[in-house]
Protein chains: 2
Amino acid sequence: MSTRNAIELAVSTVIFALRPEGEEAVLSIPLVRRTRDPFAGRWALPGGAAEPAESLAETAARKLFETTALRPAYLEQLYAFGDPDRSPTGRVVSVVYWALVRTELADEGVEDDNVRWFAADDLPDLAFDHNLIVRYALWRLRTKMEYSRIAHALLGETFTLAELRRVHEIVLEKPLDPANFRRHIEASGVLVDTGETVPGGRHRPPRLYRYDTTLQLADNGPLTPPKEPQ
Amino acid sequence: MSTRNAIELAVSTVIFALRPEGEEAVLSIPLVRRTRDPFAGRWALPGGAAEPAESLAETAARKLFETTALRPAYLEQLYAFGDPDRSPTGRVVSVVYWALVRTELADEGVEDDNVRWFAADDLPDLAFDHNLIVRYALWRLRTKMEYSRIAHALLGETFTLAELRRVHEIVLEKPLDPANFRRHIEASGVLVDTGETVPGGRHRPPRLYRYDTTLQLADNGPLTPPKEPQ
DNA sequence: CCAAAAGTGTTGACGGTACACCCATGC
DNA sequence: GCATGGGTGTACCGTCAACACTTTTGG
């Protein structure tokens with residue numbers, strides 16, 4: 001029980017945001033450049049050693065903040081990766097989280113030579129098994145968006161149905177019928193009409209909605225969603 | 001990176017099997033009695049420290065074998081539990097797996113004063129946060145059985161549709177229409193008719209089926225199911 | 001008035017549930 | 001034959017995708 005532990009425990013996070021790219025928004029992920037071996041110079045997921053005083057989710061959120069200056073709107077554990085040969089320098093088990101951050105804030109984050117946003121479906125060769133990890137995180141995001149109501153975590157406080165629909169379309173990579181999307185969302189009862197509308201377009205002004213914050217974003221069964229430090 | 005790690009890494013497994021209880025089969029879990037503090041004398045999930053030379057899944061399967069003398073028919077990672085206060089003696093992060101083992105073999109396992117099978121829905125107060133872990137594993141098992149084809153992992157090589165249906169009924173705790181269950185399973189295409197039937201009943205003899213072993217039991221996206229040591 | 005997107009109505013295909021009914025065996 | 005569970009047929013109902021249609025704005 002109390003023998004010396006030869007296994008390193010790390011926490012990493014796959015962070016998703018929508019970032020403007022020309023006219024459209026693109027699903028993006030921030031990566032950090034490794035400054036040390038192994039994989040010096042390669043891009044990798046933000047993360048680091050687990051901290052004895054913090055919960056795993058707190059460590060994930062803190063690392064997220066340290067690299068992007070952002071707080072996650074949604075944070076969920078993805079998987080514990082622990083193959084013996086995933087790091088060439090010794091045994092490392094990584095508990096990986098995935099997070100959604102708000103579009104409107106994603107620009108304010110730090111970005112320099114060692115931190116950069118990449119399009120989620122066009123990543124370079126990453127360090128360790130991080131390409132696999134991102135692929136799995138993308139799969140989870142897409143799967144969860146089909147049956148859960150987490151899309152608003154990529155938007156701001158208030159939004160129109162068209163904006164919310166665009167989020168679904170970008171993430172799922174397929175067009176959605178506006179009429180059916182509206183009914184689908186309305187039936188789920190997660191939206192609150194703010195009463196306001198957005199004028200300015202050459203068309204009927206859309207209503208502004210807000211999420212019902214008393215509801216859980218996703219059903220994780222008996223596991224309460226991890227508390228995020230404020 | 002290579003500083004001394006103050007966090008212990010453990011691997012535990014929630015093992016499910018159907019065990020006869022009077023006339024009926026009951027969803028059961030083997031537990032081990034702790035011989036040391038903390039929680040000496042209390043029942044706990046089988047597990048132990050992670051082993052540098054093994055993958056996490058291998059460690060889970062080995063611990064499973066050491067306590068029950070069984071090999072898992074299905075093994076999947078459940079969650080990494082890492083709250084700072086989940087162990088009173090220091091920080092322990094447990095990567096928990098859940099497993100299904102075959103009914104026909106579940107009797108052969110070791111059972112003594114320190115290893116015992118309990119009904120999954122009637123457990124005592126367990127050590128650490130193991131009651132929560134089992135609750136979550138049960139939720140995952142039930143959720144997964146509704147959309148996946150893992151039930152056969154609780155049965156033997158061959159089985160009748162009625163036996164497979166009973167597995168679903170016991171796990172999901174609700175009766176299922178035999179006619180619709182048949183169509184549902186047949187449509188999924190996972191069953192192979194062995195051509196044999198089972199005589200002896202005072203009724204039309206049911207056919208024996210076998211699972212199509214070329215198919216994956218469950219869709220875990222880009223993550224290939226963990227290899228089990230044979 | 002026209003263009004464009006918001007928002008509503010309607011229809012038809014599909015999948016699941018409920019349940020009536022026939023089949024094959026032991027006694 | 002009759003009881004019993006195996007196995008088939010079918011009708012109903014709710015959900016969802018497709019798409020026609022109306023509404024409200026800016027120009």
Side-chain angles (χ1 to χ4, degrees), chain A residues 23-25 142-149 151-152 155-156 158-211 219, chain B residues 23-25 142-149 151-152 155-156 158-211 219:
Chain A
E23 286 298 294
E24 261 308 338
R142 287 179 175 136
T143 306
K144 202 134 197 169
M145 192 159 288
E146 301 228 45
Y147 68 87
S148 196
R149 298 289 159 240
H152 90 277
L155 289 171
T158 58
F159 44 85
T160 67
L161 271 180
E163 289 168 342
L164 188 62
R165 178 165 49 84
R166 277 306 292 152
V167 174
H168 277 86
E169 289 179 337
I170 289 168
V171 171
L172 301 179
E173 294 181 307
K174 65 180 181 189
L176 298 173
D177 184 302
N180 296 331
F181 183 79
R182 160 178 301 276
R183 269 184 293 257
H184 205 69
I185 292 286
E186 277 176 349
S188 71
V190 294
L191 286 199
V192 181
D193 191 337
T194 63
E196 298 169 77
T197 57
V198 182
R202 289 178 54 190
H203 52 77
R204 179 168 170 176
R207 292 183 219 163
L208 265 185
Y209 292 90
R210 157 190 330 279
Y211 257 84
D219 178 16
Chain B
E23 286 298 295
E24 262 307 340
R142 287 180 173 135
T143 305
K144 202 133 196 172
M145 192 159 289
E146 302 229 44
Y147 68 86
S148 196
R149 299 288 159 242
H152 89 279
L155 289 172
T158 59
F159 44 85
T160 67
L161 272 180
E163 289 169 341
L164 187 62
R165 178 166 48 85
R166 278 305 293 152
V167 173
H168 278 86
E169 289 180 337
I170 289 168
V171 171
L172 300 179
E173 294 181 309
K174 67 180 179 189
L176 297 173
D177 184 302
N180 297 331
F181 182 79
R182 160 178 302 273
R183 268 184 294 257
H184 204 68
I185 292 287
E186 278 176 349
S188 72
V190 295
L191 286 198
V192 180
D193 191 336
T194 63
E196 298 169 76
T197 56
V198 182
R202 288 178 53 189
H203 52 76
R204 180 169 169 177
R207 292 184 217 161
L208 263 186
Y209 292 89
R210 159 191 327 280
Y211 256 85
D219 178 16

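For the numbers below, each heavy atom of this structure counts, side chains included, while hydrogens, waters and symmetry mates do not. As the structure is a computational prediction, the values presented were derived from the model and not from experiment. A, B, ... follow the sequence lines: proteins, then strands. Residue 1 opens every chain.
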task = Enumerate the residues from residues 170-182 of chain B whose closest heavy atom to DNA chain C is under 4.0 Å, giving them by residue number; use none for an empty result.
result = B:Asp177, B:Ala179, B:Asn180

In residues 199-208 of chain A, what donor-acceptor pairs under 3.5 Å come from side-chain atoms, sequence neighbours left out?
residue	atom	partner	partner atom	Å
A:Arg207	NH1	A:Asp193	OD2	3.4

message = Quick one, A:Thr160 and A:Thr197 - any side-chain contact, counting heavy atoms below 4.5 Å?
response = no

remark   = By nearest-nucleotide position on DNA chain D, the 5'-leaning member of B:His203 and A:His203 is B:His203

inquiry  = Just so I know, are the side chains of B:Lys174 and B:His168 near enough to count as touching, which here means a heavy-atom distance under 4.5 Å?
reply    = no

remark   = In terms of heavy-atom contacts, A:Thr158 and A:Arg210 come closest through CG2-NH2, 3.8 Å

Range on DNA chain C touched by chain A - first to last nucleotide, heavy-atom distance under 4.0 Å = C:dA3 to C:dT10

key: Any A:Arg166 side-chain heavy atom under 4.5 Å of A:Glu24 side chain   = yes

key: Residue closer to the 5' end of DNA chain C, A:Glu186 versus A:Arg202 (nearest nucleotide)   = A:Arg202

task = For B:Tyr209, enumerate each residue passing the ring-ring contact (aromatic ring centres under 6.0 Å, His included) test, keeping only those at least two apart in sequence or located in another chain.
result = none

remark   = Closest heavy-atom pair, A:Leu172 versus A:Arg142, reported as atoms and distance to 0.1 Å, is CD2-O, 3.6 Å

query = 5' to 3' on DNA chain D, which nucleotides open and close the contacts with chain B (atom under 4.0 Å from a heavy atom)?
reply = D:dA3 to D:dT10

inquiry  = Keeping B:Glu169 on the side-chain end and B:Pro175 on the backbone end, is there a donor-acceptor pair under 3.5 Å?
reply    = no

Under 3.5 Å, which donor-acceptor pairs do the side chains of residues 181-190 of chain B form with other protein atoms, sequence neighbours left out?
residue	atom	partner	partner atom	Å
B:Arg182	NH1	B:Glu186	OE2	3.4
B:Arg183	NH2	B:Asn180	OD1	3.1
B:His184	NE2	B:Arg149	NH2	3.4
B:Ser188	OG	B:Ile185	O	2.6

inquiry  = Is there a side-chain contact between A:Phe159 and A:Thr194 in this structure, where contact means two heavy atoms from C-beta onward sitting under 4.5 Å apart?
reply    = no

ask   = Which part of the nucleic acid does A:Arg207 contact within heavy-atom distance under 4.0 Å: base, sugar-phosphate only, or nothing?
value = sugar-phosphate

